[in-house]
**Student:** 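One structure is given below, represented as structure tokens, and several questions about it will come after.
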Amino acid sequence: MKTVIIIIPVYREYLTKEEFLNVRNNIKRLSLYEICFVCPLSLNMGFYKKEFPWIKCVKFPDTFFKGIKGYNRLMLSKETYKRFEKYDFLCICQADVLILKEGRCLDPFLNMEYDYIGAPWFPAKYITLLPDIMKIQKFINLFFKKKYVYVV
């Protein structure tokens with residue numbers, strides 16, 4: 001069976017009310033998979049340890065959690081994926097996500113031949129307007145020679 005880890009990025013000492021409800025729901029619905037929080041080194045995890053004592057935390061340098069650019073660096077960092085390389089799949093479940101299905105709901109995706117399943121990207125003709133788009137291709141090329149990303 002293919003292995004999956006669900007990572008939930010957190011960067012504040014406390015979740016908002018809505019985020020807490022989402023995260024609690026998602027942890028319950030995805031409980032058949034391994035789950036961990038991803039957070040800054042300096043974050044006080046007291047709230048998370050109290051509310052979700054069975055969920056471990058994988059810490060990364062604080063710079064990865066300083067704004068959108070920092071978070072984008074985390075998502076494109078080789079270090080991030082090295083930490084989870086023992087898994088076949090990594091699912092990023094942000095605090096604003098609400099999972100509606102219980103059980104092994106991700107299993108149908110595990111045999112699909114996609115590199116990425118998620119929010120749509122801009123159509124190819126607009127992709128050049130994104131300032132760091134070549135970084136995505138360079139990142140992928142670290143792992144796959146001359147591999148181009150296609151999102152359906």
Side-chain angles (χ1 to χ4, degrees), residues 2-102 104-106 109-110 114-123 126-144 147-151:
K2 295 183 179 180
T3 58
V4 178
I5 180 113
I6 311 294
I7 66 169
I8 302 172
V10 295
Y11 57 93
R12 290 189 315 264
E13 200 169 323
Y14 298 96
L15 296 170
T16 66
K17 180 182 176 183
E18 292 80 14
E19 290 170 338
F20 175 70
L21 293 173
N22 289 348
V23 169
R24 186 179 64 185
N25 170 77
N26 297 345
I27 287 172
K28 178 184 174 206
R29 293 187 184 276
L30 296 170
S31 65
L32 296 177
Y33 301 101
E34 189 170 341
I35 302 171
C36 75
F37 291 115
V38 167
C39 62
L41 279 168
S42 67
L43 186 67
N44 176 349
M45 292 299 290
F47 166 79
Y48 300 94
K49 287 179 183 176
K50 178 181 173 260
E51 297 295 337
F52 312 102
W54 62 97
I55 305 291
K56 69 178 181 175
C57 180
V58 177
K59 296 194 171 210
F60 287 90
D62 289 3
T63 57
F64 285 132
F65 297 87
K66 302 242 188 266
I68 293 171
K69 284 189 177 189
Y71 183 72
N72 287 342
R73 281 196 317 278
L74 174 71
M75 293 294 108
L76 294 174
S77 167
K78 195 175 188 178
E79 178 184 352
T80 301
Y81 298 94
K82 281 281 189 195
R83 294 270 194 98
F84 300 103
E85 69 184 344
K86 73 176 187 177
Y87 300 94
D88 297 308
F89 292 93
L90 178 136
C91 176
I92 303 163
C93 187
Q94 288 144 339
D96 62 351
V97 167
L98 183 62
I99 303 293
L100 300 175
K101 192 170 180 183
E102 264 184 82
R104 298 202 59 88
C105 58
L106 298 178
F109 299 99
L110 303 183
Y114 293 110
D115 300 310
Y116 168 87
I117 297 174
W121 290 4
F122 290 102
Y126 297 113
I127 237 164
T128 55
L129 298 176
L130 297 174
D132 296 322
I133 194 62
M134 291 312 296
K135 289 183 182 178
I136 294 170
Q137 189 63 54
K138 287 177 186 174
F139 171 75
I140 289 165
N141 288 340
L142 292 173
F143 299 100
F144 306 100
K147 176 95 172 174
Y148 292 91
V149 177
Y150 296 98
V151 177

**Student:** Do the non-hydrogen side-chain atoms of Arg24 and Phe20 ever get within less than 4.5 Å of each other?
**Tutor:** yes
**Student:** If you measure from CD1 on Ile6 to SG on Cys91, what distance do you get to the nearest 0.5 Å?
**Tutor:** 4.0 Å
**Student:** To the nearest 0.5 Å, what is the distance between CG (Asp88) and CD1 (Ile5)?
**Tutor:** 12.0 Å
**Student:** Are more than 12 heavy atoms, taken from residues, nucleotides or ligands other than Tyr14, located less than 6.0 Å from that residue's OH atom?
**Tutor:** no
**Student:** Centroid separation under 6.0 Å, is that true for the rings of Phe37 and Phe52?
**Tutor:** yes
**Student:** Under the 3.5 angstrom rule, does the side chain of Asp62 hit a backbone N or O of Ser42 as a donor-acceptor pair?
**Tutor:** yes
**Student:** Would you give the length of the straight line joining atom OG of Ser31 to atom CG of Asn26, rounded to the nearest 0.5 angstrom?
**Tutor:**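 Spacing of OG (Ser31) from CG (Asn26) equals 11.5 Å.
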**Student:** Just verifying a value: how many Å separate Cys57 SG and Ile7 CD1, rounded to the nearest 0.5 Å?
**Tutor:**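 Here the rounded value is 11.0 Å.
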**Student:** Looking at Lys101 and Arg29, what are the two nearest heavy atoms and their distance?
**Tutor:**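 Heavy-atom minimum between the residues: O-CB, 3.6 Å.
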**Student:** Has Phe84 got more than 12 heavy atoms of other residues, nucleotides or ligands less than 6.0 Å from its CZ?
**Tutor:** yes
**Student:** What pair of heavy atoms forms the shortest contact from Pro61 to Leu41, and how long is it?
**Tutor:** CA-CD1, 3.9 Å
**Student:** Using a 3.5 Å distance criterion without hydrogens, assess whether the side chain of Tyr33 forms a donor-acceptor pair with backbone atoms of Leu106.
**Tutor:**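 Pair found, side chain donor or acceptor close to backbone of Leu106.
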**Student:** If you compare all heavy atoms of Val38 against all heavy atoms of Leu74, which two are closest, and at what distance to 0.1 Å?
**Tutor:**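 Val38 and Leu74 have their closest heavy atoms at CG1-CD2, 4.2 Å.
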**Student:** Rounded to the nearest 0.5 Å, how far apart are CG of Leu30 and CD of Glu102?
**Tutor:** 9.5 Å
**Student:** Is it the case that the side chain of Thr80 and the backbone of Met75 share a donor-acceptor pair, with hydrogens and angles ignored and the cut-off at 3.5 Å?
**Tutor:** no
**Student:** Rounded to the nearest 0.5 Å, what separates atom CE in Met45 from atom NZ in Lys56?
**Tutor:** 12.5 Å
**Student:** Is Ile35 close to Trp54 at the side-chain level, that is, under 4.5 Å between some pair of heavy atoms?
**Tutor:**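 Counting from C-beta outward, Trp54 and Ile35 never come under 4.5 Å.
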**Student:** Could you tell me whether the side chain of Asn22 and the main chain of Leu98 form a donor-acceptor pair under 3.5 Å?
**Tutor:**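 Not at all, since once roles are kept as given, no pair shorter than 3.5 Å links the two residues.
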**Student:** So, are Lys82 and Glu79 salt-bridged, with charged N and O less than 4.0 Å apart?
**Tutor:**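 Salt bridge between Lys82 and Glu79, a charged N being under 4.0 Å from a carboxylate O: no.
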**Student:** Whether the side chain of Lys59 engages the backbone of Leu43 through a donor-acceptor N/O pair (distance < 3.5 Å, no angle test) should be reported.
**Tutor:**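 Yes, because the side chain of Lys59 sits within donor-acceptor range (under 3.5 Å) of the backbone of Leu43.
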**Student:** Do the non-hydrogen side-chain atoms of Ile55 and Ile27 ever get within less than 4.5 Å of each other?
**Tutor:**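 Yes. Closest side-chain heavy atoms under 4.5 Å.
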**Student:** For residues Cys93 and Pro9, report the shortest heavy-atom separation together with the two atoms involved.
**Tutor:**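 Distance-wise, the nearest heavy atoms are O-CD, 3.8 Å.
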**Student:** Verify, without hydrogens or angle tests, whether Arg73 (side chain) and Thr63 (backbone) share a donor-acceptor contact under 3.5 angstrom.
**Tutor:**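 Between the backbone of Thr63 and the side chain of Arg73 there is a qualifying donor-acceptor contact (under 3.5 Å).
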**Student:** Do any N or O atoms from the side chain of Lys2 and from the backbone of Leu110 form a donor-acceptor pair under 3.5 angstrom?
**Tutor:** yes
**Student:** Search all heavy atoms of Glu19 against all heavy atoms of Thr16 and return the closest pair with its distance.
**Tutor:**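 That closest heavy-atom pairing would be OE1-N, 2.9 Å.
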**Student:** Looking at every heavy atom in both Gln94 and Tyr71, which two are closest together, and how far apart are they?
**Tutor:** NE2-OH, 2.6 Å
